[in-house]
Amino acid sequence: MVRVPFRAAADRVRHRLSQLVRPASRSRTAAPKASRATVRTGATAPGGPKAPHLAAPARSPWLRALGMLAVVVLGAWLGLLAVGSIRTPVGPMDTNMTLRPSLTGGSKINVAPLGALELDSHIAPLRLDVDVDRLDPERSQALVDQPERFSGLEDEVTRDVAAGTKELAVRSCVAVISGATALGLVVYRRPRRALAAGGLALTLLAASGVSAYATWNPKSVLEPKFSGLLSSAPSLVGDARSIVTEFDMYQQELARLVTNVTKLYDATSSLPVYQPDPGTIRALHVSDIHLNPAAWHIIASLVEQYEIDVIIDSGDTMDHGSAAENGFLDPIRDLGAPYVWVRGNHDSTVTQDYLEKFRNVRVLDDGKAVNVGGLRIAGTGDASFTPDRTGPGRNKAAAQLEGARLATALRDQERAGTPVDIAVAHDPNTARATDGTVPLVLSGHLHRRINEQLKLGTRLKVEGSTGGGGLRAVQNEKPEKVHASVLYLDRSTRRLQAWDEITLGGLGLTTAEVSRHLPEENLKKDSPGSPSPTPSSASSSPSPTRSPGRPTPSP
């Protein structure tokens, strides 16, 4: 019963290939019959030739050659797929070597699941594939127990590769000849032509071997092409311990850079004149840290340099909001200032519960308001938890609804005689809904800065990513910049007087710029013909100077 479908499939393949290799055979056998019939009757078929006694033309030798070549190539390929591979040890590794048809040649080494590297080792219609299956435990342990064997490991690997290549060459010859001969016998049903197909396959394989030998490039190992996770291999220097150490040094240097830039700015600033008095409240706005540990060094440096009264974090401190990430938050305890936090769409209630246990942290949700650092601040957590970044369009309506609830809470606070100075929400769609209920609202989420005066008088300030987009930013073509802002608020009115925008180069970069900005209403006060400036707004000196009661690090 099994032979019947197999035989039928073989007949179909033979029939299709026979149409290619013998297209004129039927016409040649039919032509004499037609010719004889025509001679006997002396008639011609309608539309037929004027000389019906002429025989059909002989088939083209090019078609026969192409048919034979198609049989040889297909048979050789099937043979390589079936038996053209070997398993061989290479040093402490078990590998699988295979020859594959290819237009460009070369060699490819697959190291699952890390990726692959490709070498321009030769030019031929065959590619060498080496699959590294596993490390042999016994051979690996022998290297660990006898470190002196590492000195001879290179020679051992060379011998293993040479032996494996020779065995693969023999196996490939057998596979190619067997495949081409077997398919030739199926198609032509003539042993002589089947043997001719096998011989032609061996000739082509030998020619490919000569081409590979003539173009062999041993220096190709110095210029490999990486793919998969191995694509980062050229930039990795040293073991994991040295990488961690160098990253920690980078964090510290970046924080030191912030310190030095603020000192330089203080001495040479030519930005809009604003001299905070000793009573000015200074708030540091950060957002979207996304698990970047370098952010804590930067924040700590800014808190020290600017003598920050309160840090306001508008969310997305985490990446997935899992309990395993909670330890990342521990440096908040040592930042030296109260920390006000709202939940972002990458932060979970698990994250929120963990932060609520910190003595210096004030978690805001559902319009809750607190007095901290001389300011009354209210906020709400993000309406959605989407750590996989799905559904931004569907979340807009939820964000606006959460904003309406926050606006209601702000009105209730004002009616109770405890008006809020600053509102905080992660999503700008939520923040916009508070227009007219609070002087200043802060948000993040977009990883870029926005400063906008809303229609009903509320100022919206969206902060960029203080974590430079987090460690996910290494997937981007260019590093994402690090953003933070220092807000200066009058202690009596608790209104925004000015702000400094700090912008640092992203991961691996050491650039920094600081710019000072004044609200439009303050600029109008300082324009010619306007009343004299208030003590906390402008000074006639060309650059800011330190006030006697408090340092003013104008960044």
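Side chains of S485 and E501: a donor-acceptor N/O pair is absent below 3.5 angstrom, by distance only. Of the N and O atoms on the side chains of H285 and S314, at least one donor lies less than 3.5 Å from an acceptor on the other residue. No hydrogens or angles considered: nothing links the side chains of T98 and D129 as a donor-acceptor pair under 3.5 Å. Residues H445 and D288 bring no donor and acceptor atom of their side chains to less than 3.5 Å of each other.
Nearest heavy-atom pair, H346 versus D319, reported as atom, atom and distance to 0.1 Å: ND1-O, 2.7 Å. Taking each heavy atom of T215 and I123 in turn, the nearest pair found is OG1-N, 2.8 Å. V72 approaches A197 most closely through the heavy-atom pair CG2-O, 3.5 Å. When all heavy atoms of A484 and L284 are compared, the pair lying nearest together is CB-CD1, 4.3 Å. The two atoms that bring R449 and I502 nearest to each other are NH2-O, 2.7 Å, heavy atoms only. Taking both residues in full, the closest heavy atoms of Y354 and G327 are given as OH-CA, 4.4 Å, listed atom of the first, atom of the second, then distance.
Although no hydrogens or angles enter the test, the distance criterion places a donor-acceptor pair under 3.5 Å between the side chain of D347 and the main chain of M318.
Within the model, atoms CG of D330 and CG of D334 stand 9.0 Å from one another, a figure rounded to the nearest 0.5 Å. For the atom pair L442 CG and K461 NZ, the distance stands at 8.0 Å (nearest 0.5 Å). For the atom pair CG (L302) and CD1 (I311), the distance works out to 9.0 Å, reported to the nearest 0.5 Å.
Using a 4.5 Å heavy-atom cutoff, the side chains of L128 and L168 are in contact. Contact annotation: the side chain of T351 never approaches that of T317 to less than 4.5 Å [non-hydrogen atoms, C-beta and beyond]. Considering only heavy atoms from C-beta on, S465 stays 4.5 Å or farther from I289 through its side chain. Side-chain contact between Y339 and R333: absent, with no pair of heavy atoms (C-beta onward) separated by less than 4.5 Å.
When H426, H447, R343 are each tested for a side-chain hydrogen bond (donor to acceptor under 3.5 Å, both in side chains) with D316, only one passes: H426.
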